[in-house]
Protein chains: 2
Amino acid sequence: MAERKPTITDVARTAGVSKGLVSFALNDKPGVSPETRKRILEVAGDLGWRPSLSARSLSTSTSYALGLVIRRKPEVISADPFFPAFIAGVESVLAEEGRALVLSVVPDAAAELRSYRTLAGDSRVDGVFLTDLRSNDARFGLLAELRLPAVALGRPDPAVPFPSVQLDDTHGIAQAVAHLADLGHSRIAHVAGDPHMMHGGRRRSSFNEAMREAGLEPGLIVETDFSAACGADATRMLLEKRRPPTAIVYANDPMAIAGLGVAQQRGLRVPADLSITGFDGTDISGYVFPALTTITSDPVEWGRVAARTLLRLIAEGTAESVELPPAALLVRASTGPPPSDRGTVAAHS
Amino acid sequence: MAERKPTITDVARTAGVSKGLVSFALNDKPGVSPETRKRILEVAGDLGWRPSLSARSLSTSTSYALGLVIRRKPEVISADPFFPAFIAGVESVLAEEGRALVLSVVPDAAAELRSYRTLAGDSRVDGVFLTDLRSNDARFGLLAELRLPAVALGRPDPAVPFPSVQLDDTHGIAQAVAHLADLGHSRIAHVAGDPHMMHGGRRRSSFNEAMREAGLEPGLIVETDFSAACGADATRMLLEKRRPPTAIVYANDPMAIAGLGVAQQRGLRVPADLSITGFDGTDISGYVFPALTTITSDPVEWGRVAARTLLRLIAEGTAESVELPPAALLVRASTGPPPSDRGTVAAHS
DNA sequence: CTGAAAGCGCTTACAG
DNA sequence: CTGAAAGCGCTTACAG
């Protein structure tokens, strides 16, 4: 019948040693002779013994799990392609390490802080990933209070005492602006992300800087919450200006796709009448018409590196921050010369 | 200094009772007088005591967590908008119940089965959600062997001994076909999903049936893996036929959006030259041009109901299957009369 | 209604 | 190099 799962006691008994020794052998601790260790491991294998996670957790105060709290309203959660890919990367390293990922999806700031408290209070996780950094993020203080190891995704604003894994998205935006300026655009607008999020703010300031470097006048900037709906509204607003932009740089792909839709609905041809760039290099961005010029990062790799960094931080008490290869511009079909310069520039090619 | 977290012993001592009684009071077990219970709970509150999850887990063999294993290749994981929304729904009920969600993302079938074994072997979870059902799914047997409570999403093919939460997507496909037939289409094709997945197969057979009911000849069907790339390829293939379809019913939104891109690239106007319907009612589908006619379900609600069902199954050993409101057609701008009938039908409106 | 005690399955000083 | 024992913080029969 349903045979009871073997415990460390069973292993010790059939190997003829004490429980303590089995534990030492399992955990590769010194003080066990090679032959004894080998015999213990064999017996454990034969019996199909697997150490009990909860017993281990109780004696070591370790959960062997990592936590990720995502703060997104249910309506927009699907719009962000970053998380699924990031999580896939995280999982690929956790699986090898026998760790699990505890995921929490919360709708607002209060629930977010509550979630970290619960995760820490229940010792559900040994550390957490911090995404969507905001300036003066309330989570920084909370994590310190909870003594919960954390790795930040992106460059935290006030320097924080924990490592971060970051990717220079500044470079991508600069490349996009330079690309558009090269094509002859001078009226370039930016549909930015949420100004309270670090990456939203950073993309915005790198946009400003790139415009300056290209010798152009400051472009119009519209703030959004990163949703397709906001992207569409912002585009509509920009196109209704007396002198509308000839190119728009969006802070993510869903907004760029929505902007493309608005432009087409108004009878504009992209890129003949309006150039558009996205951000993220999502799968679908290559299949809309025209295929989106966008800025690609590698969220799967980001997840892998973040997981390794967090595991190292937990194991060794310290870990270096990592700088990932910068986001790069991927030129496809949604960008071209501006309307007035078309003849001139076309002659070049 | 860093004060130790209070334990049940601290509560018992300061309340002047035994540990056992504190436990009884906490868990609402009979055998504690109302006054004593009240006093114990007060002391616990004052001390800020929170029962230790791992100690509890060890004595009750319960993890207070639920598991979700998603099998998707990293490249396509972001394309499927179902999971983030589903997870948001699950979390909304788990948060209230003090449960956590353990997420596992795996690339292939072998890793998937390994993941369930690990989750069960480590007692990481008390039960799991089963998504992307396949016919004669190997997971059915495994879960029985592991004695792991499970709730299936969708209608399992050979009847299974555990409850399911399902949504009739048949109805949506039928409505889409009927809608297109009403508009005057007779050459309708279906870009189906993965035939090995239950929902892919079911949408396909309901397409066939709906065509028959509309009195139309069987439409062309192309199988895919649900990815945008496959959706684009399938569309290209269909449009190159000698007598191409005048309408295409896609098994999900990303493929429909990719199909829309292919059509536009070939100079076809949608819906004047080709009508297109999606499936899922994703956020972005409302922002492409023309806005996609699609079939909407409610994955957030699906997550909520699935979570409640699984919790009930775990607590009571049994739970009823639930039938969610059927997916419904949302008519937007990507469907219209076929090219040849345009004049006629337009006269009606 | 309440208390004292054993047990869940590990880890880890402490002796030998 | 090895063993016996205490401890992690709960739950749960078993006595009273």
Side-chain angles (χ1 to χ4, degrees), chain A residues 2-41 43-44 47-65 98 120-124 126 314-315, chain B residues 2-41 43-44 47-65 98 120-124 126 314-315:
Chain A
E3 62 281 9
R4 198 174 45 83
K5 270 187 65 177
T7 73
I8 198 173
T9 309
D10 301 316
V11 177
R13 188 166 352 99
T14 98
V17 298
S18 71
K19 282 165 44 182
L21 208 55
V22 175
S23 175
F24 274 53
L26 172 76
N27 295 308
D28 270 336
K29 299 232 171 155
V32 191
S33 72
E35 310 86 64
T36 312
R37 178 190 308 276
K38 182 153 172 287
R39 185 158 45 89
I40 291 176
L41 261 28
V43 171
L47 260 47
W49 175 66
R50 300 199 37 181
S52 150
L53 201 68
S54 44
R56 257 185 144 165
S57 295
L58 182 57
S59 32
T60 61
S61 320
T62 302
S63 64
Y64 304 96
D122 287 350
S123 299
R124 282 270 191 203
D126 302 324
I314 291 166
Chain B
E3 62 283 6
R4 198 175 44 81
K5 271 186 65 177
T7 74
I8 197 173
T9 309
D10 301 317
V11 176
R13 187 167 351 100
T14 97
V17 298
S18 70
K19 281 164 45 181
L21 208 55
V22 175
S23 174
F24 274 54
L26 173 76
N27 296 307
D28 271 336
K29 299 232 172 156
V32 191
S33 72
E35 311 85 63
T36 313
R37 178 190 308 278
K38 183 155 171 285
R39 185 158 45 90
I40 291 176
L41 261 28
V43 171
L47 260 48
W49 174 66
R50 299 200 37 182
S52 149
L53 201 67
S54 45
R56 256 185 147 165
S57 295
L58 182 57
S59 31
T60 61
S61 322
T62 302
S63 64
Y64 304 96
D122 287 349
S123 298
R124 282 271 190 201
D126 302 324
I314 290 165

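Convention: sequence-line order gives letters A, B, ...; per-chain numbering from 1. Bear in mind the structure is a predicted one, so any value in this text is a computation, not a measurement.
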ask   = Hey, does B/S52 reach any base, or is it just sugar-phosphate, or nothing, if we go heavy atoms under 4.0 Å?
value = sugar-phosphate

task = Give the rounded distance in Å between these two atoms: CG of A/L21 and C1' of D/dA5.
result = 15 Å

query = How many Å lie between NZ on A/K19 and C1' on C/dG9, as a whole number?
reply = 7 Å

remark   = On a heavy-atom basis, the closest approach of A/Y64 and A/S57 is CD1-OG, 4.3 Å

request  = Could you pick out which residue, B/R37 or B/L58, lies toward the 5' side of DNA chain C when each is mapped onto its nearest nucleotide?
outcome  = B/R37

key: Nearest atoms (heavy-atom pairs only) where A/V17 meets A/R39   = CG1-NH2, 4.3 Å

task = With the side chain of B/V32 defined as its heavy atoms from C-beta on, choose the nearest nucleotide among D/dG3, C/dC1, C/dT2.
result = C/dT2

Considering all heavy atoms, the nearest B/V22-B/V11 contact = CG1-CG1, 3.9 Å

note = Regarding the side chain of B/S59, the nearest nucleotide among D/dG3, C/dG3, C/dG7 is C/dG7

inquiry  = Determine whether a donor-acceptor pair (N or O, by modelled atom type, separation under 3.5 Å) exists between the side chain of A/R37 and the backbone of A/K29.
reply    = yes

Point-to-point distance, once rounded to the nearest 0.5 Å, from CH2 of B/W49 to CG of B/L26 = 4.5 Å

note = note: B/I8, atom CD1; D/dG9, atom P; distance rounded to Å ~ 11 Å

request  = Could you tell me whether the side chain of A/I8 reaches within less than 4.5 Å of the side chain of A/S23, counting heavy atoms only?
outcome  = yes

ask   = Between C/dC1, D/dA4, D/dT11, which nucleotide has the shortest distance from any of its atoms to the side chain of B/N27?
value = D/dT11

key: N or O in side chain of B/S33 less than 4.0 angstrom from C/dT2 OP1/OP2   = yes

request  = Select base, sugar-phosphate, or nothing to describe what A/T36 touches, counting heavy atoms under 4.0 Å on all strands.
outcome  = sugar-phosphate

message = By the 4.0 Å heavy-atom rule, please label B/S57 as base, sugar-phosphate, or nothing.
response = nothing

key: Spacing between B/D10 atom CG and D/dC8 atom C1', to the nearest angstrom   = 13 Å

Residues B/R50, A/D122; criterion side-chain contact (heavy atoms from CB on, under 4.5 Å); working and verdict = CA-CA 8 Å; B/R50 299 200 37 182; A/D122 287 350; 2.5 Å; yes

ask   = Sub-3.5 Å donor-acceptor pair from the side chain of B/K5 to the main-chain atoms of A/G121, do we have one?
value = yes

request  = Starting at atom CZ of B/R56, determine the distance to atom C1' of C/dG9, rounded to an integer number of angstrom.
outcome  = 19 Å

query = Over how many whole Å does the gap from B/L53 atom CG to D/dC8 atom P extend?
reply = 18 Å

query = C/dT2 C1' sits how many Å from B/E35 CD, rounded?
reply = 13 Å

query = In dot-bracket, 5' to 3', how would DNA chain D read with Watson-Crick or G-U wobble pairs under 3.5 Å, [ ] for crossing ones and | for pairs to another strand?
reply = |||.||||||||.|||

query = Where do A/T36 and A/V32 come nearest, in terms of heavy atoms and distance?
reply = CB-CG1, 4.0 Å

request  = Take atom NZ of A/K29 and atom C1' of C/dT12, then tell me their distance rounded to the nearest Å.
outcome  = 7 Å

key: Minimal non-hydrogen separation, A/K19 against A/A12, with atom names   = N-CB, 3.7 Å

request  = Would you classify A/T7 as touching base, sugar-phosphate or nothing, given that sugar-phosphate means primed atoms plus P, OP1 and OP2, and contacts are heavy atoms under 4.0 Å?
outcome  = sugar-phosphate

ask   = Are OP1 or OP2 of D/dC8 and a side-chain N or O of A/T60 less than 4.0 angstrom apart?
value = no

Protein-nucleic acid N or O pairs under 3.5 Å, nucleotides 13-16 of chain C:
none

ask   = Base, sugar-phosphate alone, or nothing: which one does B/R50 contact when heavy atoms must sit under 4.0 Å apart?
value = sugar-phosphate

